[in-house]
Structure formats: structure tokens, C-alpha cells
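Working notes for the structure below.
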Amino acid sequence: MENVLEVIDLKKWFPGVKANDGVNLSVRSGEVHAILGENGAGKSTLMKVIYGLLEPTAGEIRLFGEPVHFRSPRDAIRAGIGMVHQHFMLIPAFTVAENVVLGDEPGGVRFRRREASRLVRQLSERYGLAVDPDAKVGDLTVGLQQRVEILKAFYRKARVLILDEPTALLTPQETRELFRIIRALKEDGVPVIFISHKLDEVLEVSDRVTVMRQGKTVETLETKGATPQMLANLMVGREVVLRVEKPPLQAGEPVLQVRDLRVRSADRHERVKGVNLEVRRGEILGIAGIDGNGQFEFADAIAGLLRAESGEIRLEGRDITHLSPARRTELGIAYVPQDRQLDGLVLSFDLADNLILRDFRRPPFSRRGILNRRAAESQAEQLIQTFDVRPPDFRRRASELSGGNQQKVILAREVSRDPVLLIAAQPTRGLDVGAIEGVHRQLVRLRNEGRAVLLISLELDEILSLSDRIAVMHNGDIVGIVRGEEATREMLGLMMTGQRRKEGTA
Amino acid sequence: MKALRSILLPVAASLVAIVIGAILVAALGYHPLSVYASLVSGAFGSPVNIGNTLTASLPLIIIGLGIAISFQSGLFNIGADGQYWMGATAAAWVGYHFTSLPGVLHMILCLVAGMIAGALWAAVIPGLTKAFVGAHEVITTMMMSYIAILFARYLIEGGPMQQKGYIPQSPPIAPNTQFPYFAQGFQQAQLSPISIVITVIAVAAAWFLLYKTTLGFSLRSVGLNARAARYAGIGVKSSIVTALGLSGLFAGLAGSVQMLGVDHQLLDGFSSNYGYTAIVVALLARNNPIGVVIAGLFFGALTTGGQNMQIASNVPASLTDVLTGLIIFFVGCERIIPQVIGWYRRRRSLRAQTPAS
Amino acid sequence: MIFSNPEIWALTLSMAIPLALPAVGGTFSERTGVVNIAMEGIMLIGAFFGVAFSYWTGSAWIGLLAAIICGALTALALAWGAIHVSADQTVLGMGINVFAAGLTTFLLNTLFGYSGTPVNTPKLPSFSIPGLDAIPYIGIIFRNQSVLMYIGIVLVFLAHWFLFSTRIGLRMRSVGENPLAADTLGIPVWRLRYFGVVLSGVFSAIGGAYLSIGVLNGFTSNMTSGRGYIALAAMIFGKWTPLGSFGAALIFGFSTALGIVLQGHGVSSNILQMIPYALTILALTGLIGRSTPPAADGIPYEPRR
Amino acid sequence: GCGTNNSSSGTTNTSNSGGTGNTTSTSGKTIKVGLVTDTGGLNDNSFNHLAYVGMQEAQKDLPNIQTSVVQSQSESDYVPNLSHFAQDGYNLVIAVGYLMADAVQQVAREYPKTHFLIIDDSITGIPNVASAIFQSQQAGYLAGVVAGMVQKNHLLKNINSHNTVGVVGGQEIPPVDTYIAGFQQGFHSVDPTGKVIVEYTNSFNDEAAGSQYAQNEISQGADIIFPVAGGTGIGSIKAAQSAKVYAVGVDTDQSYLAPGTVITSAIKRVDTSVFDTIKAVQDGTFKSGVNNFDLSNNGVGIAPIISSLPKSVTDAVNQAKQEILSGKIQVSTTVQK
Ligand SMILES: Nc1ncnc2c1ncn2[C@@H]1O[C@H](COP(=O)(O)OP(=O)(O)OP(=O)(O)O)[C@@H](O)[C@H]1O
Ligand SMILES: Nc1ncnc2c1ncn2[C@@H]1O[C@H](COP(=O)(O)OP(=O)(O)OP(=O)(O)O)[C@@H](O)[C@H]1O
Ligand SMILES: [Mg+2]
Ligand SMILES: [Mg+2]
């Protein structure tokens, strides 16, 4: 088979970081080529270089045997490269159709809006990625936005397709649909570069796997015959524990009690429709559900960021329904929000300041309104060490950290507050297996110490491996609650589509 | 190294502007060296000139501090001029109304009145409407500023604050509220040491507030990422009101210091667009209180020097505005300097490599 | 009573145009992601060079052309600083405003002396629209107005269509919302930003020329009297759309006209002149509410290549 | 910007302040005169500009006069600017505008050897300060008489039957209001039932606003517009011109702005007062205290009346002038609201 794309000894250095430092890759026509690597291994950087978004420091890229020098994505698009970006390249203020056709719009001088809408509807039907072409992207759930991002790539009919973590936010059904499309492309001889942290997906869809570590390609192997454990070890360079051990449940009295809670989202839609739920001391309660079914609004309401329309929230027996987020924080609610960059961090603050963001009003970080920077620094030093934040320097701005390390900072801050209740929304989104292991260990540690943990995740595997009890949400309501050890993927999958199940013994 | 860079760059950028200005000046038929010499000597050439420069700088510095606070909180208070007027108006009113108070107490009362007036002017309408209805503060502060100036003018043009007689001006404030000048030199420059002391305190207070208090921490968090601040339990709405209020408080303080230290009565000509120049001061200072001092002095020197340049070299004063505009533009563009240096280095190293390879 | 006085509507329109044009200009700039507060300065440049060239060449149309060119060149300087140098756009705008105020006054004094621009400077024609001017009330609005007013109204609608219904308009807006996303789709971010900023210079300069050779035929120093800043407010008020900006300018023009018409009844002119400002705040808090700028407004885009 | 290209050509015809003294003549001792404008600047189309004109005339007509001008950018510049000239050994420092009164008093005491002239304010009791006060209400009165005659007798083409005149004031301040008060009184002395609309633009350099205010007054029936608003007023006169109604100029003969439209102008001879004071300093006849400029010494007055008006108007004006001079008429300085 001919090599469609070749990368030869490619280097891309940033000031102080060698993101790619000797990458070799060859992608054959009609193959699905997976790239694996820890967070920060340099996968996305490599793809951006191939796509013309970054200029390589050294090395060569060949397309169909010819060396290419892309000065911008314009050139790459002309050469037939399509890419789905890990971080959405979407314009929230535009409609789905506008986002998809941008750069190659139907019409002459005038933009033919209806034609664009029609084209996108056709496209979304053909690929089974249902999305309303006239909806504003900003109003869509992240899952739907992921579909738009994929549609954009398909609209342009690429000769080489790069998918940088396309499945991070898809439902299992959607993922299956995407794999069907990938296989169809393969039939047509279009090679696909596929990046994912989910090892089972990689094993399912790819023909070959290239593993990256610290900016270098370590090995390329045939997928047939590889095992998850083997890939994980190759990536991290050490033995990884894929399943976290949990001692048996020691659940105590209820910490969080929610009665008939109704919540409207910021866009005035009722998202939570009369939820009743309890979380007890010493347990992890997982909320499973398809994105957009009200689970994140539910979390926001408990943290006090969305107002409860009706119903009651109690923390350790105390009514907190109408307290401010600040008061709830003081009473012991910790929150790891879904979007770490937008909601979790002040990116231009340094780590020390980010680590006291929730507690700066309390001693020892301040007294009588005067900050005590030294206390913040010594706490930062200690947390950075415990949570293995890299690089271990509290004077760095949060923006200078990789996504995984940013997530560790948030987790460190929330966990260190000794919370009564920790709400963790998508705590491992986009993290590599090693980092996921670390986060999971922290959540289980909290539980073992007798705290209550409310885990909201779109990853069924995460829910299944951590939760003591699993509540399934559909359309703003809890469809059922099952015990963690009894639950199966199939059972949860059914419930997530709205099929009720008699409440178990849980 | 970083600190040195942050000083050297604006200086270098100003030099570029000055060179371009010199070409312009020469093209217009004036002698650039003599124009610049008179500009510099006008600002710093004698103790009195230095005094005048300081006098012109103090209000810019104090207002600039307030604007820096609003900027750091993510708000663009474009209406500081009106808050400054309100501060001066309140100080004047208190200054001539309560004549039986002892001096120091009366002075403090005037200052406090000015601060409160400025703070309320910014906090109540722009602050509350921003926080609760989302009304854009650029519009509201600007509109409130125009209203303030018209209101102050109304008060002295036939309104309740007009002094008996013919001229639209308020009665002078009580003599015991006027800041003493202590020495003839200060008197000549209309520069009271008390004004200087207040400015120094204001700078220290703004710095301390922003970087050493929980309030400052909240404001800066809101300014950098309001959503994260909200998630962290910081009241974003109250922060908006507080930030605009503080910003107005400083502007109001500037107005009352100007009233007590320089003008002594509210006049029609009280306006001098300090509120607008102070925006540039804050911006060029990157909203850092210490930087505000430097930028404020710089602009004070430009105005004072410009007046002198007019006299000494017969260049219309509007030429100082041309130069000032160029300087602001190029200091804004200071990043071009490392870019050009980097580009030059790269070219040179490229050229050095080429024969070798 | 007051509202039946057709003069108030004519005043409204003639006062709205010099606000609407720079506001629409600002919309173009900010929609592509460059904060533009230099409208005031560019208006002054347009107003001055409009008069100067009108006088030197004897043709007000050449004057208008010169105004447009000078406005565009000034905007080009802003664009260079904002786009190529990634400088703080507010600082640049302030710099241009100070520079323009100084330069126009300076040139006025050195080229024309202190007694001002010559009185025999040609101005652009004013005319009535035949037919329209016969309609009662409405007619007065279109009676003997400057040709620039008619052009201005057409430009506002054209601008709205251009920004929201053409392919290039869509691309311009994409650049102001998420330049990185636009870049990944092969859209030339910098080129479109330059285009938006220069367009804003053209519109602002026409707004300035409207004052100096549209309704009048002379330049006085700082004759824009802060209209560029009010235009900034109108642009925000109009939620960064040309028609919205025009609407805001009309509200402002109307309330200013109201302030004028109400004068002469013993109420202090200072108080009456607060009307437009107070009404703007009221309208903003009561009707308009939140207005969100384009997401990438003011953020320089530096491709890390 | 694009200014650079054009401006280079400007050096050929610069008409700005002359810095070099006139040394052709040897008679008369050399004196240095400094002019400090208020924040209105030299292009205010009003007293700052007139003072400058007077100073230039002195430089031209008198031997050995050196002049220099400084335009104040803000009110806090007044003291430094005045002191600057005094310190530099200027013989006469001219301060334009009542806003500078306090500054002049302060600086004059510090520099007793320097002569000061303040325009539009009365400072007494300082031996080196002379004040020029203009009874501009008298000029306004005469202009009002002209307007009244025109309205009452419909003396000009296009004059309607509303008997209404419009005043566009810059701001409610004395130098403006005195004109207006006199104008009102003069107008009503001829046409007691006529109407005077008074509006203020609150600006002195907004031609467009001046035009719009005038248009509004014209729409209310006014067909003679009297702007007292510096540069803003120029817009008003132009508006009158394009609406084919009439205007009365202010400060100086403004008929050149719109010949045929400006029927007369109310004049205040700031230039004369400056010229005279310079001459007095040179001759050693400087007189401190208040110098009153009024009709009696031609310090105020009106410009030649447009020729299309009949002699009856001139007669009425002359009669009013006599009555003012004889004290039979007292002209008020406060505007009737
Ligand atoms: N623009 C940039 N400037 C500086 N450093 C960068 C930049 N982009 C990436 N890096 C650094 O380069 C390294 C590789 O980043 P990259 O995004 O390629 O990782 P990745 O393998 O895609 O990780 P993930 O799995 O988290 O997506 C990281 O250390 C990152 O911090
Ligand atoms: N614009 C869209 N295009 C395609 N699918 C959508 C779109 N919007 C929503 N969906 C699908 O519909 C599901 C339900 O979404 P939605 O948030 O509208 O819930 P809902 O049940 O309609 O709630 P509500 O009663 O509040 O309207 C989502 O999971 C998503 O898969
Ligand atoms: Mg990546
Ligand atoms: Mg729905």
C-alpha cells in the first residue's frame, strides 16, 4: 500500500517546550491510523503542523510522495486535508449551517442561506449525525457541537482526514455511527488519522497504532494483537492500573437531600424537572445520562449557580436552597466544573492564586480582608507536590499548563478544602489514562474518608467503575437508581434513553 | 530583566514617536531641536516649571488610579470626567456651606463629600444597571458624565450654587479648607504639598487594595474571568458595583483635591478633560498603580511643556497634541520593537548560516 | 404638540446621520474583531480634509473623496497597530483621537489662519426629493437636505445587507467571533480585519465630511464635539448592527432635537440638554438590556506559525 | 496619517503668530507683549481671536513691538502662562476672558513691574492691572433695534408675519448674556409684541449644532437669527443663509460670512482695546483700573447696516444711540426669560 502521508523527523519547538521532537509517521491509503499518547505528548501539535496551523521547526512532511510546505490551513485545505479539532473551532454566534459551510459557502456575492441549510441537512442525514442546521451553535450541548465539528470536516470532502479526539463527547451510539462512516471512508481509500484516549475505541476502529511519548514517536504497531494494558504501558512508560480498587461501601447518613427540584437553565428552559435524590456520607453517587438531559444544570443548582425554581436542597439537614454560592462554599460544597478553562480557573492568575480562589476570604489566606500571600504559597507548594502538578512551580500562570495539569489544579483545590460534598462534573474529560488514574484515586480516597461524592459523567465506564450507586437522568428527571455492582452498560444504556426501571434495593 | 524591559520598551517607543514628530515638525517649517528643547525645559526647566508639571499630573494620577481599578475589574469607566466634576462640585458645596467647622475637619469633610459624590455617580446608575440589567458601562458612564457636567454648569449658571452677581461661579470655599501652599514657590505653581501627600496616599491605597486585599482579589478575578469568579463564590454583581464605585471614588477625590488645592471655587472653565487623558494614563500604565504615577507625570509634563513650547518657539499648542497622539500610538505599539529586533536577529543568523550549509 | 412639529423630525434625521455613519463604521471594525474608538479622530480628519480639498480644488466632491482617502489612511494606521503589532486597540484609538484633534487644529491654524476656513469653500449640494417633499410632515424631512444625508441612509441599509447577507459579510463576522476557527477554514483573518477597519475609517470620514461640507462649508477646531464617542455608544446600543446603530442614532438625534425644541420656555438649557443622555440610559436599561460584543472583539489574532 | 503630505505645502502661507519683532522703525521703545487666551483658543471666532487681531495690528502699525501668544489648554494653565510671560520680562501681558480674573490678580501681585490687561472683567486696586469692560449690551441693543425695525415693518424680502427673531447663545455666561439682554431690549423697544426665542447650544465650536438650533428657530417662525456663540454661531448664520432668512453677526463685522444675509453685526472692539493698551504701555501712559468700552468711545457698536434697508433704520439706530449716550435709556444686562 502506498504512503499517503509521511512525516519525517519532524520537530516543533515552543519556547521552553519541545512539543514534537523527532516524529516519524507514515499513513497508508485506506487505513485508520490511531495515535496514542499521554496528555501533552504532542499529538495535537503534530496534527496542527500537518494542517498548516503551525510551522515546523525542522523536518519534512510529504503528501502523496511530494514534500509540502503549508503556510496556513488554506494551503492544507487546498491539498485535501481535513481535520476535526480537539478544541472546537466553532463560532457560537453562528448557526450550524453557517459554521459548516464557512469558507466554502454557496452563493455568489450573496450568501445563500437557505441553500446552505439544505446542504447541511443533507449532509447530516447522510452521515447519521442529526443536528438542526438552523440552530445556533452556542445553544447546542457540547455533544451536538462535536457533531457539527465532524460535519465541517465531511463537508469539505478531504483526501486525508484527521480526527483529534472526535469521540470525547459522543454517545456510544454516535460513536458507533462515526465508526461506520470511518469504515466507509476507508473503503474509498481515504486514510483517517484517529486520536483518542479511549483504548477500546482505538482497538475497535484502527488498523495501526502509533504511540507517542514526550514529543517522540515510540512505536508503530498493528492493532491486531494489541491489548489495552500493553498500549497503556507503552504510552506511559510504566505499569498502569486500569481499574481502581475500592473497599466495600461504608455509607452513612445522608449529606445531600434534594426534593422536587426544578431548575431552568440560563436560556430559560426547564432542564431539571422535579428531581429527588440523596447522597450519603462515604459513597460515590454517579449520575449517568446523555448530554443535555439536565445533569449539569442539576449540579449547578446544587452549587448555587442556578436558582431553584421550586423544591428544596438540604446539606447535612440544613436548608441551603436559597443560599449564595459563597455561603454554600463555606458550608462545605466543593465543585469541579465541567469546563475547566471557562469556569474553573482564572487563566492569567498564577497557580498559587488559583489554588486559593475559593478560600481566599478565610484564614490563613486572609485576615480582616488582608491577603496573606505566604500562606497561599505554602499551600500551593504542598498541593502541587501531592497532586503531582507539572511543572511544579506555583508562579506559573494557569494558562501555561496543559489541560490535564489544569484539571489537577482544580481538583487539588476542591479536594483540599475538606468538603462535605464534592460535585465532580466530567472530571476526567480529555485526560490520558495515567491522569485519569490519579483523579479516580482522589475521588475514591475522599469517599473512603467518609465524604459524599456526586460524580456526573458522560463516560459510562467511568460511572461504572467508580460509583456505589448510579442514578440515570433522562429529560430532567431521574429514571432510576441502581447499585454500582449490579449495573451493566446495557441496562444503563436503556435507561438513558428514558426506559424506566423499578427502583432497586439501593 | 522583565522590569527593565517594561521600562525600556515604552521609552524606546516614545523615542520613535519623538523622531517621527521631529520629522513632522521639520516638515512644517519649525526647528525640531528647539521645539523639543522648549518642551523639555517648559516641563522641567525650573522649580516652578516642575511644580506646574506636578500640578497638572496630580489629578491625572488620582483619576488614573480609579480607571485602573475599573479596568482591572473588567469594566471600562469612560465617564471619569463627570465623576471628577461631581467630586469637585460636592467639595465646593461643602466647602462654602459649613463655615463654622474647624479647618482640618472641614477639609476632610470636603474630601469625603467629593469621594462620595464621585463614587455614587459611578456606582448607582452605571454600576447597578450593569449588574442587574446588563446595560453596557461604556454607554452609561459616558452619558452620566455628560449629565454631570451639564448639572454642574446648571448649578452655577443661574442655579442654586451661583455666587451673587454677574459671573457664573460658586462662592469660594472657606479659607480654612483651602490647602495651604506653605511656600512662595508652591504658591506660584498652585501646588500644595497636601495635594502631593494625598496623591501618594491614594497611590499606595490603590496598590494595596488591588494586590493585598481580598476585595482586590475578587475584583481582579471578576475582571479576568467573571464565570470562574462566580463558580468560586465571588459575587459578580456586587463586584461590578463596587469596582465602578471605587473608580468614581478616586475620580471624585481628584475633583475635591483640585477644588481644595487649586481652584477654590467651581467655575465654568473647570473642565479640562482630565477624565479622558486619565484613561490613556491608566492604559499606558497597564493598569498598574505605580505605572499610573509614571504615565501621569509624563502627561503632566507634556501639557506643561507644550504651553512653554508655544511661547518659546511660536508653535501652536495643538502641535503638542499631535506629538502626544504619536507618543500614545507608538507606546501602544511598543511590541513592535522586540519584534523588529527578533526579525533582524533571525535574518542575521540566517545569513550567517547560509554560507555554512 | 411638539411631535406634530415636523421640524423635530427633520432635525432628528440631520442629527442622526453624523452619528449613524461612524457608528456603522465602528460596527464594521468591531465585527471583524478590532475595537475602534478612533471614530472621533477619523471624523475630524474627514471633516478637515473634506473642507481643505474642497477649497483647494473648488469641488466639494473631490473634497469628499479626499476625506474618504484620509479617513481610510488613518484607519489603516489603526489597523496596522491593532493587527500586525497586536497593540492594545483602545490605546491606539485614543492616540489617534488626540493626534487627529491636534493635527486638524494645527493645520487649520497654519494653513488657513486663526480666522478659520474661507467662507467661499464649496459645499456638497442639498436638494429635495421630488414627490417625497410634497407629502405633509414626512415631506419636511426630505426637503432641502444634504446629498450626504440621502447617501448616508442608503449606506446604512447597504451596510446591513453587506454584513448580514453576503458571503464576505459572513466571513468578516466569523473573523470577529473566532479568528482561529476562521483560520482553520482557510479564511484570511488579517486581510478581513484590515478591510473592516478601513471601512470604518471610510464611514467615519464621511460622517465628518457631512458636518464640514455636507450641511456647512467650513471647519472649526474640534467641530465633531464628541460625536464620535456618542457614535461609539450608538454602535453598542445598536448591538453591533448597522440598522441597530442607525436606530440608536435616531433615538439620540430625536432626544437632542427634543432638547432643542423644548428650549425657550424658561427651563435652563443645561437641564434640557441632559435629555438625550438621560433618555439613552433609560432606553438602555428599559428596552435594550444586555448587548454582547462580537466574541473576539479587541483580541488580537496572532497565528502561531 | 495623510496630514504630512499636505502640511508641508502649508509652510508657504503660514499666517500664524509673528514671533519676530518689527525692527524697521527706531522710534518708540521696544516692548514685549504676551497674549494668553482662555481655553477657547485663537480660533474661537470671538474675543480671543479679536485680541489677537488687535495685537497683530499693533505689531504692524507701531514700531518695535514684539509679540507672543499662548493658548491655554486648561484652566489650570492660566497662572503658569501668565507668570511665564511676566518672568520673561514681558512689558504687557494680556489675559483674555473673565475666567482668568483670579489668575491675573495672583500673578500681577507677584510681578508688580509687569503690566497686565484683562478683557471682560473689572479688577481694581492693583496698580499694574488694567481691565477692559465692554458694554456689549449696548451693541446688542442697537442690533435689536435693527431687527425690530425689520420685523415690525417687514422691510426685507421673505420676512414673515410672525415677528419673531431667534437668538442662539453659546452658554449662559456674561459675555454672551449681555449681548442677548441688550438685543432683547432693543428689539422690544421697536416691536413690543414681537417674540425673541433664546436658546443655548452649550458649546462654542459646534457649527453643526449652531446650524440645527437656528433651523429649529426658523421653523418656529424666526427669520432673523442672532448667534452669540463663537464658532457655533457661524453654523447658525449659514443656516439662516440657506433658509433664505437673515442674521445678525456678533463681535466683529460678520457680513463676509454671508453677504446679503447678515444685516448688521453687534460689535465689541476687543482689538481696539488691545491696540490702545499696547500703545499706552509703549508711550508710558498705561492707566490701571477699569477702562470702559461703550458707545461713547466706540468700544462697542454695530457694523454698517445692509444697504437694502431704508434710511429709517439707520435713523432709529442713531436715535437709540443718542438716548443711550444721554442716559435716557438704561440697557439691562440680564436676559429676560
Ligand atoms: N502554542 C503553544 N505554546 C507553547 N506550548 C504549547 C503550545 N501548544 C502546545 N504546547 C505544549 O506542547 C506540548 C504538547 O501539546 P499537545 O497539545 O500537542 O499535546 P496532546 O498530545 O495533544 O495532549 P492532549 O492529549 O492533552 O490533547 C504540551 O506540553 C503543551 O503544553
Ligand atoms: N439542534 C439539535 N439538533 C439535533 N438534535 C438535537 C438538537 N437539540 C436537541 N437535540 C437532541 O435532543 C435531545 C434532547 O434535547 P433537549 O435539550 O431539547 O431536551 P428536551 O427533552 O427537548 O427538553 P425540553 O423539554 O426542555 O425542551 C438531545 O439529547 C439531543 O440529542
Ligand atoms: Mg491534544
Ligand atoms: Mg427541547
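Every chain is numbered from 1 and lettered A, B, ... according to where its sequence line falls, protein lines coming before strand lines.
- Scanning all heavy atoms of the two residues, the minimum distance from Gly81(C) to Cys333(B) falls at CA-SG, 3.8 Å.
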Evaluation steps, side-chain contact (heavy atoms from CB on, under 4.5 Å), between Met143(B) and Ile230(C): CA-CA 9 Å; Met143(B) 300 296 144; Ile230(C) 304 279; 4.2 Å; yes

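- Ile139(B) approaches Phe237(C) most closely through the heavy-atom pair CD1-N, 3.6 Å.
- Distance OG1/Thr141(B) to CD1/Ile281(C): 9.0 Å, rounded to 0.5 Å.
- When heavy atoms are compared at a cutoff of 4.5 Å, Thr280(C) approaches chain B solely by way of its side chain, counted from C-beta outward.
- Using a 4.5 Å cut-off between heavy atoms, Leu323(B) makes no contact with chain C at all.
- Note that CD1 of Ile96(C) and CG of Leu326(B) are 10.5 Å apart. Values are rounded to the nearest 0.5 Å.
- Both the backbone and the side chain of Ser86(C) have a heavy atom closer than 4.5 Å to some heavy atom of chain B.
- Distance check: Tyr277(C) OH to Ile149(B) CD1 gives 9.0 Å after rounding to the nearest 0.5 Å.
- Using a 4.5 Å heavy-atom threshold, the side chains of Leu284(C) and Thr129(B) count as separate.
- No side-chain heavy atom of Leu150(B) sits under 4.5 Å from any side-chain heavy atom of Ile271(C).
- Contact count versus chain B (heavy atoms, under 4.5 Å) is highest, among Leu92(C), Thr104(C), Thr292(C), for Leu92(C).
- Residue Thr90(C) touches chain B through both its backbone and its side chain, counting heavy-atom pairs closer than 4.5 Å.
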Under the criterion side-chain contact (heavy atoms from CB on, under 4.5 Å), I'd like the reasoning laid out for Val315(B) against Phe106(C): C-alpha separation, chi angles, the key distance, then a yes or no. CA-CA 9 Å; Val315(B) 185; Phe106(C) 183 81; 4.1 Å; yes

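- Among Ala82(C), Ala87(C), Ser269(C), the residue with the largest count of heavy-atom pairs under 4.5 Å with chain B is Ala87(C).
- The shortest distance between side-chain heavy atoms of Val35(C) and Phe76(B) does not fall below 4.5 Å.
- The contact between Phe151(B) and chain C is made by backbone and side chain atoms together, counting heavy-atom distances below 4.5 Å.
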List the steps, then state whether side-chain contact (heavy atoms from CB on, under 4.5 Å) holds for Val91(C) with Ile328(B). CA-CA 7 Å; Val91(C) 174; Ile328(B) 296 171; 3.7 Å; yes

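- Neither the backbone nor the side chain of Ala100(C) comes within contact range of chain B; no heavy atom of the residue lies under 4.5 Å from a heavy atom of that chain.
- Heavy atoms only, all atoms of each residue included: Thr285(C) and Ala135(B) are closest at CG2-CB, 4.0 Å.
- For Leu108(C), no part sits under 4.5 Å from any heavy atom of chain B, backbone or side chain.
- Here Ile147(B) contributes atom CD1 and Asn270(C) contributes atom CG; the two are 12.5 Å apart, rounded to the nearest 0.5 Å.
- Contacts of Ile279(B) with chain C are made by side-chain atoms alone, with heavy-atom separations under 4.5 Å and no backbone atom involved.
- For the residue pair Tyr146(B) and Gly226(C), the shortest heavy atom distance occurs at OH-O, 4.0 Å.
- Once rounded to the nearest 0.5 Å, the distance linking CZ of Arg153(B) with CE of Met274(C) reads 11.0 Å.
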